[in-house]
Protein chains: 2
Amino acid sequence: MTNGSTDAAYAKTIAEIAAATGFSRTTVRFVINGQAERYRIKSETKKVIEDYVAAHGVAISHVARSLRTRRTDAIGLIVPDLANAFFASLTAELEIHCRRSGRVLLTASSQEDPEQEATAIAGLVERGIDGIVIAPCRSPGASRLSRAGRRLAVVVVDRAFPGSAWPTVVGDNAGVTAELTASMIATAAGAVHFLCACPDLPSIADRIAGFSQATAKAGFAHADRLIRTHASDTTEAGRALMRGFFGDGGRPPLAFICSSLLILEGALQEIVAAMGRLPPELLIGTFDYHPLLDAVPNRILSVRQDEKAIAEKAFDYLVAQMDGRPAQPLHVVVPGRIVNTASAVG
Amino acid sequence: MTNGSTDAAYAKTIAEIAAATGFSRTTVRFVINGQAERYRIKSETKKVIEDYVAAHGVAISHVARSLRTRRTDAIGLIVPDLANAFFASLTAELEIHCRRSGRVLLTASSQEDPEQEATAIAGLVERGIDGIVIAPCRSPGASRLSRAGRRLAVVVVDRAFPGSAWPTVVGDNAGVTAELTASMIATAAGAVHFLCACPDLPSIADRIAGFSQATAKAGFAHADRLIRTHASDTTEAGRALMRGFFGDGGRPPLAFICSSLLILEGALQEIVAAMGRLPPELLIGTFDYHPLLDAVPNRILSVRQDEKAIAEKAFDYLVAQMDGRPAQPLHVVVPGRIVNTASAVG
DNA sequence: CTGTTAGCGCGTTCAG
DNA sequence: CTGAACGCGCTAACAG
């Protein structure tokens, strides 16, 4: 409406700016990309173009650029479930790194389903992402990641499936679980049970190993008797696992560890449903943290992963690959730590 | 390694397949896109191409396609904070719709910061997303959404800033808050306080209006005395708001409502920090749901938004715009409902 | 009927 | 400071 050329309301393409100012597309591009000096564009020319841009705006098509440069400055992230606070936090951290480096993060979730994972990977790869961070729900060797793109950078996080060809960044699991278990056995002066989803996931297998080790060390003969597993990591699975105790006509274990917040949520719901409340003497251990844990009156020991450090490492590895630098250590374990919730003092 | 042409390990482009099979790119494309019959490709030809594809794989460049079709089959989502369970759930629901319709969802978060929001919008728009669903952190008129792209579909969710030019899908706020407040006043037989982040957000303003209305109706003279606000929606803000009560040398209010889970988390943490535990007589109201609420022994009334319905409506509106169909009602309010947590029976 | 040719879209690149 | 080719899938027009 204001000017006469095309559509006044919208930003202009390089070709439009070139046509309007009478310079070539190349010249316009140099000015817009801040390379005016490098290519000795006359300052007067520069000003004309800059003024036009200031008045009308530019709309660089990243799509066209990507076609040529074979880069999208986009990286993908595939997580099993955003409802899991650990992954939500990891996502937020990775986004910070992306924004800082002028990239965008494309997040997709697999809902722990290999098919959805495959769909998500395909969708992102087709769109030319430069790299991908993935917490795979199956061994990634089986996925189509390898055939995906000519040069796709890949970093696996959280789940170190054996034989993975890609750099892997995981939180500590075996060590910290052993520590947690030992501490709880000492406090409870008795057996500690382990409610555990997805025992086939490497991260969970490590937790089981840590648990078994600490249990054996404390003198319990049959560690596996204390472990109950479920195939899926959901609130419902947590309820089912806890229901197992009530089903035996019994009571909940006095001390137990849940392999994830979702399992814990379900387990607690089931106890409340069955008993009307949480027995105050219950000693609880869990992985990952949520602020609401502080409002639960029971003593809770939580293993906090360092999402920030994991995200940073993963991002570094990704950038290293994209730059052609091979990542030095192919496997990094980021230590976690055990914290008491606020109510634990009571 | 296996074949001789280019790189054995990777899927082939249309041009590569054409060169290898001896047909033209157009023919190959027809077969690959399942249009062989429509364009009467000889079935023998079709088989040759299909066999080659089966053996080597195809790698359609969505980037090149987008350049031509001016569609990316990608839609963007901008949320203030993924740590907020409401937005995490909304994201998951939208992703389902995208997958079903062969699109990908690109999620970015603004951390409630207008600048980050602008960066995120720009990043997505530059990459040619077909539409965007946004829970804006400021009035979106001020944002650059309007100048963004020639034809970007936009739907605003959760926050209906006045005068918005775009279709808006929000949860009910005023009505359900009035209901919640009235119910809590009746139960507590006394005043109910409202701890409230971001009072300038339209969704929160509606909640304040509902609260004030119910409070006035119940005969409380100065509703605004019962409302305390904080500029940001974080756990820390919740702690600060609750600290206000203790600062007066007082005790926490016997009945209070928090405008979000984050505020609630902070408020509860602060009470636990100050008193060592949550007084069991505390009556609590909050917005949005988290499974861990069920493990808090106090009676909690939670307003649950219907993320599924919100996501569905928003997606419908988006698709309608992308198809050139104008969305009929420009503003939809999805009803919420009040639920008791499991412990509320006690 | 069966398939091909030519150019488009738009930012990038490099020889002029 | 410019011109022309390039990347790769899409589409209309066209030949055998």
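Computed from a predicted structure; not experimentally measured. Both backbone and side-chain heavy atoms feed into the values below; hydrogens, waters and symmetry mates do not. Letters go in sequence order (proteins before strands), and every chain restarts at 1.
Separating the CG atom of A:Asp73 from the P atom of C:dG11 is a distance of 15 Å, rounded to the nearest angstrom. The distance between atom CZ of A:Arg71 and atom C1' of C:dT13, rounded to the nearest whole Å, is 14 Å. Here C:dT12 presents its C1' atom at 12 Å from CG of B:Leu67, a figure rounded to the nearest Å. C:dT13 atom C1' lies 11 Å from atom CD of A:Gln35, rounded to whole Å. C:dT2 atom P lies 11 Å from atom CD of B:Glu37, rounded to whole Å. The distance between atom OH of A:Tyr39 and atom P of C:dT12, rounded to the nearest whole Å, is 11 Å. What separates CD1 of A:Ile17 from C1' of D:dT2 is a distance of 17 Å, to the nearest Å. Straight-line distance from the CZ atom of B:Arg38 to the C1' atom of D:dA12: 13 Å, rounded to whole Å.
A donor-acceptor contact closer than 3.5 angstrom is absent between the side chains of A:Ser232 and A:Glu112. Looking at B:Thr69 and B:Arg71, their side chains never bring a donor and an acceptor atom within 3.5 Å of each other.
Panel note: side chain A:Asp113, backbone A:Glu115; a donor-acceptor pair is recorded below 3.5 Å. Of the possible polar contacts, none joining the B:Arg103 side chain to the B:Glu95 backbone as a donor-acceptor pair under 3.5 Å is found. Between the side chain of A:Glu16 and the main chain of A:Thr13, a donor-acceptor pair closer than 3.5 Å is present. At distances below 3.5 Å, not a single donor-acceptor pair connects side-chain atoms of A:Arg68 with backbone N or O atoms of A:Ala64. Proximity of a side-chain donor or acceptor of A:Gln321 to a complementary backbone N or O of A:Val154 within less than 3.5 Å is detected.
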Listing time: all N or O pairs from protein to nucleotides 9-11 of chain D that are below 3.5 Å?
{"residue": "D:dG9", "atom": "N7", "partner": "B:Arg25", "partner atom": "NH2", "Å": "3.1"}
{"residue": "D:dG9", "atom": "O6", "partner": "B:Arg25", "partner atom": "NH2", "Å": "3.1"}
{"residue": "D:dC10", "atom": "OP1", "partner": "B:Arg65", "partner atom": "NE", "Å": "3.3"}
{"residue": "D:dC10", "atom": "OP1", "partner": "B:Arg65", "partner atom": "NH1", "Å": "3.2"}
{"residue": "D:dC10", "atom": "OP2", "partner": "B:Arg29", "partner atom": "NH1", "Å": "3.3"}
{"residue": "D:dC10", "atom": "O2", "partner": "B:Arg68", "partner atom": "NH1", "Å": "3.4"}
{"residue": "D:dC10", "atom": "N4", "partner": "B:Arg25", "partner atom": "NH2", "Å": "3.3"}

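Within the nucleic acid shown, A:Thr45 comes within 4.0 Å of sugar-phosphate atoms alone, with no base atom in reach, counting heavy atoms only.
Residue B:Thr27 places at least one side-chain N or O closer than 4.0 Å to OP1 or OP2 of C:dT4.
Residues forming a ring-ring contact (aromatic ring centres under 6.0 Å, His included) with A:Phe30 (at least two apart in sequence, or on another chain): A:Tyr39.
Salt bridge A:Lys46/A:Glu37: present, at least one basic N to carboxylate O contact under 4.0 Å.
Scanning DNA chain D for stems, defined as runs of 3 or more consecutive Watson-Crick or G-U wobble pairs whose donor-acceptor distances all fall under 3.5 Å, gives the following ranges: C:1-16 with D:1-16.
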